[in-house]
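The model shown is predicted, which means the values in this text are computed figures rather than measured ones. In what follows, every heavy atom counts, from backbone to side chain, and hydrogens, waters and symmetry copies are set aside. One-based numbering, in listed order, for ligands and for the atoms of each.
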Amino acid sequence: MTRSRIIGTGMYVPPFVVTNDDLSRRIDTSDEWITERSGIRERRWLETNAEGWTLQTGAEMGAQAAREALAAAGIEPEAVDLVLYATLNPDLFFPGNGVFVEDLLGLQTAGAMDIRNQCTGFVYALAAADGFIQAGIAETVLVIGGEIQSTALDVSDQGRDMAVLFGDGAGAVIVQKSDSESGILASALHSQGRYARDLYCEAPVGNRSDRITPEMLQQKRHYPRMDGKLVFKHATRRFCEAINEVLAQGGMATGDIDLLVPHQANQRITDAVGARMGLSPERVFSNIAKYGNTTAATIPIALAEAEREGRLRDGDIVVTVAFGSGFTWGANLIRW
Ligand code: UT7
């Protein structure tokens with residue numbers, strides 16, 4: 001039987017650390033509020049030059065994570081025949097970041113595609129990689145989740161609900177066709193567009209002749225907005241549903257999970273999901289305290305760190321699960 005196996009993981013986060021105290025010097029917030037409400041203590045933000053350009057692009061962060069994943073997998077970049085790049089913040093309006101990574105890695109003519117599914121992007125991308133491999137379209141897929149969130153935030157009192165939550169970074173995995181028992185066993189993908197405007201960024205817009213107006217900029221409609229409480233409520237419920245769905249597809253139960261790797265949105269969401277699923281804290285991965293919510297990058301960064309920490313051993317049953325803007329949500333069941 002053909003399986004799509006993760007054979008290498010990698011990550012990259014920018015070196016510049018922004019603590020909760022750093023933020024509380026810029027906006028009306030506090031370390032106590034942020035830690036208590038979200039579990040976040042610090043995040044990494046790309047530094048910018050005098051003209052406001054970030055010192056690295058999103059694609060450069062993705063390529064760094066990819067190089068680490070390729071080295072861990074012990075394969076040369078040329079072996080990759082498809083790049084899937086999950087991000088809600090591509091460097092340009094188009095083309096997506098996948099083609100820039102393809103070029104940065106010197107891949108010549110490998111396929112490249114961006115998946116714009118926000119916090120759920122990496123879960124969708126893993127399922128897509130599995131689908132392409134099962135269909136015989138690709139054999140070695142580089143899957144990246146990466147975000148520059150720092151330039152997309154309203155770092156003012158008005159935007160404080162979101163500004164304190166997000167960070168920059170990228171993670172990558174190599175998914176390869178395999179005859180072994182290990183690999184992606186099941187995936188569940190869902191969305192509910194009726195909630196699209198409960199967590200979204202409006203501008204620039206495609207359906208306006210000028211795409212963005214001075215008024216829209218003045219009204220800060222190019223910054224994301226969310227109904228935090230509504231997102232929280234739906235996320236907790238959908239995480240559990242998606243985990244149960246992939247377990248059922250794989251003929252497994254919660255007791256089979258060795259490690260749950262949830263999207264890192266809020267430590268309170270992670271704790272609530274762990275408790276509802278009856279998983280002890282050692283079986284639920286968390287690194288939100290260090291990086292905040294890096295959106296499509298949280299799960300691949302978590303996988304890379306979990307592997308480094310020796311928490312992913314051959315044969316382990318791992319579940320990745322995410323929820324985010326769209327609303328979108330989903331999960332993957334993986335035998336490591
Ligand atoms: O990956 C998916 C993306 N997003 C999420 O998953 C986010 C899900 N939601 C959440 O994580 C939480 O709803 C938040 C962390 C965003 C907020 O926590 P909360 O417990 O739901 O707080 P709240 O929105 O009810 O706000 C409570 C108070 C408000 O003040 P009043 O109206 O009670 O006077 C806010 O204005 O906290 C205030 N507040 C802040 N105070 C200090 C909001 N943001 C901040 C802040 N610092 N940064």
Discussion item. Counting only heavy atoms closer than 4.0 Å, does ligand 1 sit against the backbone of Asn293, its side chain, both, or neither?
Written reply: side chain
Worksheet item: Ion pair present between Asp161 and Arg37, side-chain N to carboxylate O less than 4.0 angstrom?
Response: no
Worksheet, complete the sentence: side-chain hydrogen bond (donor to acceptor under 3.5 Å, both in side chains) with Thr295: of His263, Gln118, Gln149, Gln264, only one passes, and it is Gln149
Fill in: Protein heavy atom at shortest distance from atom 10 (C) of ligand 1
Asn266 ND2, 3.6 Å
Fill in: Test item: protein heavy atom less than 4.0 Å from atom 37 (O) of ligand 1
yes
Worksheet entry | Note: Glu305-Arg308 ion pair, threshold 4.0 Å (strictly below) | no
Discussion item. What I want to know is whether Trp33 and ligand 1 share at least one N or O pair that is separated by under 3.5 angstrom.
Written reply: yes
Response to the item:
Note: heavy atom closest to atom 8 (C) of ligand 1, options Ser38, Gly228, Gly159, Pro224, belongs to Gly228
Item to complete: Report yes or no: does His263 have a heavy atom closer than 4.0 Å to ligand 1?
Response: yes
Worksheet item: Considering residues, nucleotides and ligands other than Arg67, do more than 12 of their heavy atoms fall under 6.0 Å from its CZ?
Response: yes
Response to the item:
For atom 47 (N) of ligand 1, the closest protein heavy atom turns out to be Thr29 OG1, 2.6 Å
Practice prompt. Mind listing the closest non-hydrogen atom pair of Arg160 and Ile27 along with its distance?
Written response: CB-CD1, 4.0 Å
Worksheet item: If you measure from atom 4 (N) of ligand 1 to every heavy atom of Arg268, Met226, His234, Glu36, which option wins on shortest distance?
Response: Met226
Fill in: Asp179 CG: over 12 foreign heavy atoms closer than 6.0 Å
no
Worksheet item: Can you tell me which residue and heavy atom of the protein come closest to atom 2 (C) of ligand 1, and the distance to 0.1 Å?
Response: Cys119 SG, 3.7 Å
Item to complete: Indicate, as side chain, backbone, both or neither, the part of Thr295 found under 4.0 angstrom from ligand 1 when only non-hydrogen atoms are considered.
Response: neither
Worksheet item: Should the heavy atoms of other residues, nucleotides or ligands under 6.0 Å from CZ of Arg268 be counted, would the total exceed 12?
Response: yes
Response to the item:
At under 4.0 Å between heavy atoms, what of Val164 touches ligand 1? The answer is side chain
Practice prompt. Mark whether atom 6 (O) of ligand 1 lies under 4.0 angstrom from at least one protein heavy atom.
Written response: yes
